[in-house]
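If you read the sequence from its start, that first residue is 1, and numbering goes on from there.
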Amino acid sequence: MSRLLETARAYKTLTDLLDQEIRRRTGSTTDLQRQREALDVAFYLLGWAQFEHLVKNEAEEVIEEHSRSRQIDGHAWRFLGKEVKRASVRQKLDLIFHAKPDVRSGLDKDYSVRNEAAHNYSMLPRDAKDVGAFLAKLQR
């Protein structure tokens, strides 16, 4: 089982428990709603962290495969292999998904949401609220 799948299962368990508590409450649920939003952000960021590790590994595999060439482009790929640690996540996504522009575009939007949440302490926008679906998308 992948880490992303385990993360999605943990997220589902915790959100189900919070939803049950919200339904049980007779008074204000504002504090629980804020906790749910914080949980959404936390699991969104955790999913991205796990996905970034996969992206790093995949980019290194692509570079390694191409660097075996004894042609001139092999030298360029070997140079890139030495510099890959300095490449941004978006650059690595470009390398991996260059033939799938729709996937790449979607990941770029998701990464912008991730940056807002991680660096500006923003809550998730409405279109990113389904964290379970987001984690499943990253898994695919």
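Heavy atoms only, all atoms of each residue included: A128 and V113 are closest at CB-CG1, 4.2 Å. When all heavy atoms are compared, the tightest approach of L124 to A117 is CD2-CB, 4.5 Å. Between S28 and T30, the closest heavy-atom pair is OG-OG1, 3.1 Å. In plain terms, the two heavy atoms of A118 and L45 that are nearest each other are CB-CD2, 3.8 Å. Minimum heavy-atom separation, V55 to V89: CG1-O, 4.5 Å. Residues I96 and A59 share a closest heavy-atom pair of CD1-N, 3.7 Å.
By the side chain to side chain contact (heavy atoms under 4.5 Å, CB included) test, S88 is found to be paired with R90, Q91, residues two or more places apart in sequence or in another chain being considered. When the side chain to side chain contact (heavy atoms under 4.5 Å, CB included) test is applied to K12, the partners found at least two apart in sequence or on another chain are D16.
The backbone N or O of E116 lies less than 3.5 Å from no partner atom in the side chain of H119, so there is not a single donor-acceptor pair. At distances below 3.5 Å, not a single donor-acceptor pair connects side-chain atoms of R104 with backbone N or O atoms of A99. Of the possible donor and acceptor atoms, none in the side chain of Y11 sits under 3.5 Å from a partner among the backbone N and O of L39.
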Go through the steps to decide whether T15 and F43 satisfy the test side chain to side chain contact (heavy atoms under 4.5 Å, CB included), and finish with yes or no.
-> CA-CA 11 Å; T15 56; F43 272 85; over 6 Å; no
Assess whether salt bridge (Lys or Arg N to Asp or Glu O under 4.0 Å) is satisfied between K56 and E52, documenting all intermediate values.
-> CA-CA 6 Å; K56 175 187 146 304; E52 284 181 36; over 6 Å; no
Passes salt bridge (Lys or Arg N to Asp or Glu O under 4.0 Å), E37 versus R34? Steps please.
-> CA-CA 5 Å; E37 288 177 358; R34 274 187 278 182; over 6 Å; no
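A 4.5 Å side-chain heavy-atom check between D108 and F97 finds every atom pair outside the cut-off. Side-chain atoms of K92 and V62, non-hydrogen and from C-beta on, never get closer than 4.5 Å to each other. Residues R36 and D19 are in side-chain contact: their nearest non-hydrogen atoms beyond the backbone lie under 4.5 Å apart. By the 4.5 Å heavy-atom criterion applied to side chains, F51 and K137 are not counted as neighbours. Contact of the L138 side chain with the L107 side chain is registered, since non-hydrogen atoms from C-beta on lie closer than 4.5 Å.
Comment: D110 does not engage R114 in a salt bridge, judged by the lack of any side-chain N to carboxylate O separation of less than 4.0 angstrom. The residues R9 and E6 are annotated as not salt-bridged, no charged nitrogen and carboxylate oxygen being separated by less than 4.0 angstrom. Ion pairing of D127 with K109 is absent here, as no side-chain N (NZ or NE/NH1/NH2) approaches a carboxylate O to less than 4.0 Å.
Here the straight-line distance linking atom CG of L32 with atom CD of Q35 works out to 5.0 Å at 0.5 Å rounding. Note: L80 CG to I63 CD1 = 4.0 Å, rounded to the nearest 0.5 Å. Interatomic distance, CG of L4 versus CD of Q50, reported as 5.0 Å (0.5 Å rounding).
More than 12 heavy atoms of other residues, nucleotides or ligands shown are found within 6.0 angstrom of CG on L17. Counting heavy-atom neighbours within 6.0 Å of Q71 CD, excluding the residue itself, gives a total of 12 or less.
Screening residues 57-67 for side chain to side chain donor-acceptor pair (under 3.5 Å), with sequence neighbours left out, gives H53-N57.
Between F134 and W48, the ring-plane angle classifies as tilted under the 30° and 60° cut-offs.
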